[in-house]
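Read through the structure below, which is laid out as structure tokens, and then see the notes.
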Amino acid sequence: MRRAVLLLMGISFLTGCVSGDAKEFIREQDVKDYIEEEIIRLGEEDYGLTLVPDTEEMKFGFQNGIPLRDENKVSVPVKVKGDPVFKFQAIVLLEDNSENKKEIQTIDVAGEYGKGLKDFGGFLLAELFKKKHEKVWKQIEGLESGIKVDQIEVLAKTSAYIEDPQEEESIVRNISEDYKEGEFSNIQKYEELMEKYLYEGNESLERGYLPEISISIEPSFNSTAQETFDKVVAFLQESDHLPKGEYSVSYYKSTNGGESLHELIFVE
């Protein structure tokens with residue numbers, strides 16, 4: 001019992017070390033209003049998007065690598081107005097002024113400190129990719145119970161570094177315009193949008209860039225992990241109807257010494 005109490009106290013210490021001044025600062029209505037206005041302004045001016053921040057739900061973030069609250073980093077839930085809805089956390093960095101009072105240093109919506117609008121194009125392409133090939137994902141998961149298409153990641157041109165700032169701004173603006181016009185919710189625009197915005201890779205890649213599809217397995221009562229794993233791998237290798245992609249099939253069991261299976265299959 002005493003060890004449990006000490007553990008809880010330790011967790012509380014690690015996750016709750018924020019000064020009263022910092023807490024009071026982000027509770028001030030003027031501060032909330034300023035943060036909201038700035039996030040909206042940045043969305044409109046830099047991306048041509050309507051952002052909807054929720055400053056009532058903003059919280060102090062964590063320091064890098066440890067579960068310790070950072071009183072100079074505040075996360076604000078934000079969503080992009082449109083369809084499909086993209087959600088992320090804007091980061092507000094604070095600092096102490098010459099009077100040891102908190103003030104806002106910068107507000108990041110791009111995603112320099114995590115997920116942000118730099119990931120917006122990739123999110124939109126991934127949603128299109130999922131919808132376009134929905135029958136394939138259902139077919140994979142229907143091979144046997146316990147098979148799941150866990151994650152699909154698609155990179156847009158804006159997901160990678162673009163040397164020319166004008167080129168980057170042009171692509172960002174074009175994505176925003178297509179989004180506001182409802183192009184990304186129209187499956188008929190799939191090929192056109194993929195051709196315009198899909199990341200093509202670089203010279204360091206042995207092959208051109210491919211979307212990444214992660215598949216996990218949990219064996220059913222009627223088969224072993226190896227049998228289920230082999231069934232998925234065989235399907236991926238033999239099917240003529242899969243979209244181009246990098247398919248990762250994985251199984252991991254942590255008990256009884258652990259057991260893992262993994263296969264990477266390229267469909268080009």
Side-chain angles (χ1 to χ4, degrees), residues 7-97 99-128 130-131 150-156 158-159 172 175-176 179-180 182 184-185:
L7 179 60
L8 288 172
M9 288 176 64
I11 293 173
S12 177
F13 173 78
L14 285 173
T15 59
C17 291
V18 175
S19 70
D21 288 344
K23 292 178 181 177
E24 188 63 32
F25 178 76
I26 69 166
R27 290 194 191 110
E28 293 177 11
Q29 192 59 49
D30 288 348
V31 172
K32 290 181 180 180
D33 291 344
Y34 175 79
I35 292 173
E36 181 175 338
E37 290 166 5
E38 276 297 287
I39 290 174
I40 292 172
R41 181 188 67 79
L42 289 169
E44 291 175 348
E45 292 185 4
D46 294 350
Y47 298 90
L49 296 169
T50 300
L51 303 184
V52 184
D54 185 359
T55 55
E56 295 301 321
E57 293 297 323
M58 61 184 180
K59 299 177 180 178
F60 289 99
F62 290 98
Q63 295 184 19
N64 294 334
I66 55 175
L68 179 64
R69 291 286 182 184
D70 186 343
E71 67 173 41
N72 287 321
K73 183 190 293 183
V74 179
S75 298
V76 185
V78 181
K79 64 181 180 180
V80 179
K81 187 176 181 180
D83 181 40
V85 176
F86 178 65
K87 298 179 180 180
F88 67 100
Q89 299 283 328
I91 300 298
V92 181
L93 296 183
L94 308 179
E95 62 182 357
D96 294 324
N97 61 22
E99 299 177 351
N100 280 332
K101 299 290 185 180
K102 290 295 180 186
E103 62 182 19
I104 294 172
Q105 177 187 7
T106 188
I107 298 177
D108 171 47
V109 297
E112 297 300 324
Y113 304 94
K115 178 182 175 183
L117 287 177
K118 65 178 173 54
D119 306 298
F120 183 52
F123 164 80
L124 294 174
L125 293 185
E127 291 299 300
L128 263 182
K130 292 174 189 176
K131 189 183 298 185
D150 282 320
Q151 185 175 349
I152 295 174
E153 182 177 350
V154 181
L155 295 184
T158 50
S159 304
V172 167
I175 290 175
S176 297
Y179 177 70
K180 289 187 290 187
F184 285 96
S185 57

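Everything numeric in this text was worked out from a predicted model, so none of it was measured.
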statement: Residues pairing under side-chain hydrogen bond (donor to acceptor under 3.5 Å, both in side chains) where one sits in residues 74-89, two or more places apart or in two chains, turn out to be none
task: State whether a side-chain donor-acceptor pair under 3.5 Å links Lys102 with Asn97.
output: no
Please report, to 0.1 Å, the donor-acceptor pairs under 3.5 Å made by any side chain of residues 44-54, with sequence neighbours excluded.
residue : atom : partner : partner atom : Å
Glu45   : OE1  : Arg41   : NH1          : 2.7
Asp54   : OD1  : Glu56   : N            : 3.3

query: Side-chain contact, heavy-atom cut-off 4.5 Å: Val154 with Phe123?
result: no
field: Residues which pass ring-ring contact (aromatic ring centres under 6.0 Å, His included) with Phe120, listed by chain and number, not counting sequence neighbours
entry: Phe86, Tyr179
- request: May I ask you to test the Gln151-Glu153 pair for a side-chain heavy-atom distance under 4.5 Å?
  value: yes
message: Has Glu95 got a side-chain atom pairing as donor or acceptor with Gln105's backbone, closer than 3.5 angstrom?
response: no
- prompt: Checking Arg69 side chain against Phe60 main chain: does a donor-acceptor pair fall under 3.5 Å?
  reply: yes
- prompt: In Å and rounded to the nearest 0.5 Å, what is the NZ to CZ distance from Lys101 to Phe25?
  reply: 11.0 Å
- prompt: Can you tell if the side chain of Asp119 reaches within under 4.5 Å of the side chain of Ser159, non-hydrogen atoms only?
  reply: no
- request: For residues Val92 and Ile104, determine if any side-chain heavy atom of one lies less than 4.5 Å from a side-chain heavy atom of the other.
  value: yes
- prompt: Mind checking whether Ile26 and Ile35 have side chains closer than 4.5 Å, heavy atoms only?
  reply: no
- request: With the side chain counted from C-beta on, respond yes when Val78 and Val109 share a heavy-atom pair under 4.5 Å apart, and no when they do not.
  value: no
